[in-house]
2 protein chains.
Amino acid sequence: MSTPIASLDTPVALVDVPRMQRNIQRMQQRMNSLGVRLRPHIKTSKCLPVIEAQIASGASGVTVSTLKEAEHCFTQGISDVFYAVAIAPGKLPQALALRRKGCNLSLLTDSVAGAQAIVAFAQQHDERFDVWIEIDCDGHRSGLATEDNALIDVARILSKGGMSLRGVMTHAGSSYELDSLEALQALAEQERALCVRAAERIRETGLTCPEVSIGSTPTALSALNLDGVTEVRAGVYVFFDLVMHNIGVCQADELALSVLTTVIGHQQDKGWIITDAGWMAMSRDRGTQRQRQDYGYGQVCTETGDWIEGALVTGANQEHGIITLGTAQSDDIVARFPIGSRLRILPNHACATGAQFPDYQAMDAEGVVHTWSRLHGW
Amino acid sequence: MSTPIASLDTPVALVDVPRMQRNIQRMQQRMNSLGVRLRPHIKTSKCLPVIEAQIASGASGVTVSTLKEAEHCFTQGISDVFYAVAIAPGKLPQALALRRKGCNLSLLTDSVAGAQAIVAFAQQHDERFDVWIEIDCDGHRSGLATEDNALIDVARILSKGGMSLRGVMTHAGSSYELDSLEALQALAEQERALCVRAAERIRETGLTCPEVSIGSTPTALSALNLDGVTEVRAGVYVFFDLVMHNIGVCQADELALSVLTTVIGHQQDKGWIITDAGWMAMSRDRGTQRQRQDYGYGQVCTETGDWIEGALVTGANQEHGIITLGTAQSDDIVARFPIGSRLRILPNHACATGAQFPDYQAMDAEGVVHTWSRLHGW
């Protein structure tokens, strides 16, 4: 009898469900022990069974990167939703519609102009939005500096405008550039301290600022304490990936997402194995390019998931992947990896690779595969 | 009255339909004048109205990169379909089902083992597949070298096995690395000559080899003659992109695909404009990274499509794009590009950026926008 995995057409995105469950437990238990709530960022999976597993494990609400994710979660009965991207004024009607249906959707801003746009729209529609203020804790993207006077201006605009100032939030995205425990612990402390301090600055003016939300998978898994923090947002921990492995926050046996592929040819003189997992399957993400180990477009494993040391996807066209085996292993590639044989590829970046697929094939502990659909687009 | 484009939620993938139509005409007329058929590769658009415009302009059948594309085309009445990736044996049942429904689907192989698998499966199911043999004309990916004796072996296996040997095909993918007319003309001639010679080698054995199919957008637009060639496959010409612009085969006013985005914030001291088009919208494709002009994640234009010289998407997170304006233009970015204002981003690679979206917003000459859905997944 053929195994279920053998009956799958390739390429497919395989989720190792027992690994995923362990990853969810690990992060939830860590947050529990640090005394904070976990609000997982669902932009990684965009997939209801994954989100449900996170909530069943103790997660408090969800973080989303698009209003489409918010709508999907709300439709499925998840109503505490934080849209953690500074909202474009043009998206306020969609946010309002969700709130009016009963979704406890909270919004984000990091500017006077953004806060004014929220207030103006809310007053026009007699709404009281829950709003977070974004803090820049490491200079990598958006947010207000903790000591920026605009922070107080934004808090006042929101409060005087009748909004509910939910709290401050930050994301230490520069943690993706680190790979030592000491540096990660230092950044986690910086993320915590700057965000807590931002809340204190607001509170010192007499305004309420109940929540302090921080988070990135690397800092969440490295923080020594989260004093003053109320919740952590993290996303990619649910699957992990090679970028996280390079950073040092997961082991090889925690990588829960892979792409199953079929060998379709060889260029024997070059030592190339050609597969049907090109960049359309793996994504163009080269997140490990500047890390301690460059995995090309992915680490090659056997069909059952064992790493083939040195074997990487070194080239990718749209529907062709090119695998090389590394030094002195290329002699008998046609015999070792015949046409029709299958391999599994671990991706650089689970968020990017997942997005290439309409669904995951979720493999449970018994080796039974279920199709889990995921969101695409906005 | 607001213009239709102003009513679109962002990010969206905009297709400039008049430009697309001109691109289609340009390629079709060139192929007509060179005396060959055009079989467009639909992996770029994966979108029926685009394919229909290509066929209306004179295209002979389509080239596909997945069997899902083949099924979609056949369902929509397009039955001459070339699946131009060496077929994995596991996909033969799906190919057979399509043939049995009446689709004139042709397959590809580049190995003895691949040919044997096709023949074995076909004989088992009493089928006569149309099969092409892939030739490697430039060493960039798959295919048999023209002078490889395996070429004759494969042709014999297919013919003796009862298959219809449709012809030989090649793809000069290394054209993406060039940027001078002379080099492109030389590669186009190499592509033509090596593929024609492969057909001749097969014919010299007494076997029939009716077709010689070549193509990449850069070589198709550079070839001085296509003597001996019967058809050309090309894909990205339908939209063009910054990679093609760097190669030199299109002008700025031929780029038909862009991403409409909204400004959501700034980091004024760094000269950063933050938008809602991150890598989820643009893709992670950095195809211009090693070309003559590195466009980051895309060239920034005004909402109406005028290039803002020096303005590039220099950073991308999942739902955040970071735009910088280049030298000495960053003084008043908050006033020039206020929150809520809109920009258009030209992508590096139209195939990769399109794939991030469930549909295109197609803008006709009157500025009216239509939603054109596209395929996702396999």
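Proteins come first, then strands; the chains are lettered A, B, ... in the order of their sequence lines, and each starts at number 1.
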Could you tell me which portion of [X] (side chain, backbone, both or neither) has an atom closer than 4.5 angstrom to a non-hydrogen atom of chain A?
X	answer
Ala13(B)	neither
Pro338(B)	neither
Gln356(B)	both
Asp136(B)	side chain
Ser111(B)	side chain
Ile322(B)	side chain
Glu319(B)	both

If we define contacts as heavy-atom pairs under 4.5 Å, which of [options] has the most with chain B?
options	answer
Asp285(A), Thr262(A), Ile274(A), Thr66(A)	Asp285(A)
Gly265(A), Gly143(A), Gly173(A)	Gly143(A)
Gly287(A), Ala145(A), Ala352(A), Gly377(A)	Ala352(A)
Asp110(A), Asn317(A), Asp9(A)	Asn317(A)
Lys43(A), His349(A), Arg141(A)	Arg141(A)
Arg284(A), His376(A), Lys91(A), Met280(A)	His376(A)

Practice prompt. Taking the six-membered ring for Trp and the single ring otherwise, decide whether the centroids of Trp272(A) and His320(A) are under 6.0 Å apart.
Written response: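 Not under 6.0 Å, so no.
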
Among [options], which residue has the highest count of heavy-atom pairs closer than 4.5 Å to chain A?
options	result
Pro11(B), Ala86(B), Ala281(B)	Pro11(B)
His140(B), Gln94(B), Glu134(B), Arg342(B)	His140(B)
Gly315(B), Ala117(B), Gly340(B), Ser142(B)	Ser142(B)
Ser283(B), Pro89(B), Gly90(B)	Pro89(B)
Gly114(B), Gly139(B), Gly278(B)	Gly139(B)

What's the separation between atom [atom1] in [X] and atom [atom2] in [Y], rounded to the nearest 0.5 Å?
X	Y	atom1	atom2	value
Ser341(B)	Ile273(B)	OG	CD1	8.0 Å
Ile323(A)	Thr314(A)	CD1	OG1	8.5 Å
Asp241(B)	Tyr295(B)	CG	OH	11.0 Å

Which heavy atom of [X] sits nearest to which heavy atom of [Y], and what is that distance?
X	Y	answer
His41(B)	Val64(B)	CE1-C, 3.4 Å
Tyr360(B)	Thr44(B)	OH-O, 3.4 Å
Val12(B)	Gln361(B)	CB-CG, 4.0 Å
Ala113(B)	Ile339(A)	CB-CD1, 4.1 Å
Leu151(B)	Leu144(B)	CA-CD1, 3.9 Å

Fill in: Under 3.5 Å side-chain donor-acceptor pair for Asp276(A) and Thr261(A)
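The criterion, which ignores hydrogens and geometry beyond distance, is satisfied for Thr261(A) and Asp276(A).
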
Item to complete: Kindly write out the residues that satisfy salt bridge (Lys or Arg N to Asp or Glu O under 4.0 Å) with Asp153(A), not counting sequence neighbours, or none if the list is empty.
Response: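 Result, salt bridge (Lys or Arg N to Asp or Glu O under 4.0 Å) vs Asp153(A): none returned.
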
